[in-house]
Protein chains: 2
Amino acid sequence: MIAKNSGPESAQAQDAQPQDACRTREVLDIVGDKWSLLVVRTLKDGPLRFTQLKRSIDGISQRMLTVTLRGLERDGILSRTVHNVMPPHVSYELTPMGATLRDATAPLLEWSIAHLPHIDAARAEYDTRRA
Amino acid sequence: MIAKNSGPESAQAQDAQPQDACRTREVLDIVGDKWSLLVVRTLKDGPLRFTQLKRSIDGISQRMLTVTLRGLERDGILSRTVHNVMPPHVSYELTPMGATLRDATAPLLEWSIAHLPHIDAARAEYDTRRA
DNA sequence: CTGGATCCCGTAGGATACTG
DNA sequence: CAGTATCCTACGGGATCCAG
């Protein structure tokens with residue numbers, strides 16, 4: 001469950017400095033796209049190959065998987081390993097930093113599971129009032 | 001009319017997956033846009049009026065502030081209150097659920113502050129290797 | 001198997017002007 | 001002050017074909 005943490009720890013990241021506001025933007029630039037968090041989540045249990053990822057992430061196109069993997073590799077979130085065997089294949093794995101990102105997004109995931117039904121209700125009610 | 005969220009239907013295209021994988025997408029539909037998390041963060045200390053928000057969030061246009069506020073209001077993240085005084089004004093405030101969202105995103109914020117320099121370094125090194 | 005190259009489209013989102 | 005209404009452009013992202 002998500003605690004209503006009003007303690008000093010949560011306050012650290014939420015000081016209303018203009019700098020921090022920029023940080024919010026930057027983090028969304030990294031993981032705010034359509035597929036990055038899904039890839040990170042899918043890799044949480046260990047390395048996977050390109051086709052395994054493609055099969056695991058339903059609906060992703062080859063192009064977007066490639067693009068997303070390149071971006072995450074560039075940001076140091078995951079590592080790419082080419083195996084020179086026949087047939088050649090490539091595996092992707094979270095870096096230590098990538099693992100910390102996965103942990104940092106876990107609360108948001110829990111929040112979504114806990115509150116999405118409530119949000120659906122809020123939307124329905126809002127739309128009804130406006131209908 | 002501008003449809004920020006396509007509603008619950010958008011998730012149906014990705015069924016045949018464990019449910020929580022879909023949740024990841026839905027939560028990004030809510031807060032994954034350019035301004036939502038910034039608005040939530042800005043409202044963390046209490047209600048603000050439209051112009052105060054506009055001034056606090058650097059770079060946001062009137063249109064996007066309106067659109068973002070409407071979406072968050074619809075999702076039950078914040079509440080909108082019209083004050084019938086002269087001159088009339090409107091204030092926005094996080095709902096209790098909005099406050100839990102703010103708390104759930106706090107770890108991600110802290111992560112970004114801690115790791116963004118490292119990411120910049122990783123990018124620079126990656127670009128150098130590819131240069 | 002892994003991915004690069006191209007084409008194409010929908011939509012997020014910025015600029016601007018107008019209203020109660 | 002707090003929006004609404006248009007217009008317009010950039011970019012995310014899907015489909016498809018090609019290559020190592």
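Worth knowing before you read on, the calculation uses all heavy atoms, side chains too, and leaves out hydrogens, waters and symmetry mates. Since the model is a prediction, treat every value here as computed from it, not as a measurement. Chain letters run A, B, ... following the sequence lines, proteins first and then strands; every chain starts at 1.
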A:Asp33 backbone acceptor or donor facing A:Ser36 side chain under 3.5 Å: no
If I take atom CG in residue A:Leu69 and atom C1' in nucleotide C:dG4, what distance separates them, rounded to the nearest angstrom? 14 Å
Once you round it to whole Å, what is the distance between P of C:dT11 and CG of A:Asp33? 18 Å
Looking only at D:dG3, C:dG14, C:dG4, the nucleotide nearest the B:Val90 side chain is D:dG3
When the distance from CD of A:Gln62 to P of C:dC1 is rounded to whole Å, what number comes out? 10 Å
Over how many whole Å does the gap from B:Glu73 atom CD to D:dG3 atom P extend? 9 Å
If each of A:Pro88 and B:Gly59 is mapped to the nucleotide of DNA chain C with the nearest heavy atom, which maps nearer the 5' terminus, i.e. the 5' end? A:Pro88
Tell me whether the side-chain N/O atoms of A:Thr66 come closer than 4.0 Å to OP1 or OP2 in C:dG3. no
Candidate list B:Ile77, B:Leu94, B:Leu78, test side-chain contact (heavy atoms from CB on, under 4.5 Å), partner B:Leu101, passing option: B:Ile77
Looking only at side-chain N and O atoms, does B:Lys34 come under 4.0 Å of OP1 or OP2 in C:dG14? yes
From the candidates C:dG3, C:dC1, D:dC1, the one with an atom nearest any side-chain atom of A:Arg49 is C:dC1
Please report, rounded to the nearest Å, how far the P atom of D:dG12 is from the CZ atom of A:Arg70. 17 Å
Checking side chain to side chain donor-acceptor pair (under 3.5 Å) for the pair A:Thr100/A:Asp103: CA distance, chi angles, key distance, verdict? CA-CA 5 Å; A:Thr100 65; A:Asp103 295 338; over 6 Å; no
Rounded distance in Å - CZ (A:Phe50) to P (D:dG20): 17 Å
Side-chain N or O of A:Arg63 less than 4.0 angstrom from OP1 or OP2 on D:dC17? no
Taking only the side-chain heavy atoms of A:Trp35 (C-beta and beyond), determine which of D:dG14, D:dA2, D:dC17 contains the nearest atom. D:dG14
Distance in angstrom units between A:Arg80 CZ and C:dG4 P, rounded: 7 Å
Under-4.0 Å salt bridge between B:Arg25 and B:Asp29: yes
Any A:Leu69 side-chain heavy atom under 4.5 Å of A:Phe50 side chain: yes
Side-chain atoms of A:His89 come closest, of D:dC1, C:dC1, D:dG3, to C:dC1
Rounded to the Å, how far apart are A:Met64 CE and D:dC11 C1'? 11 Å
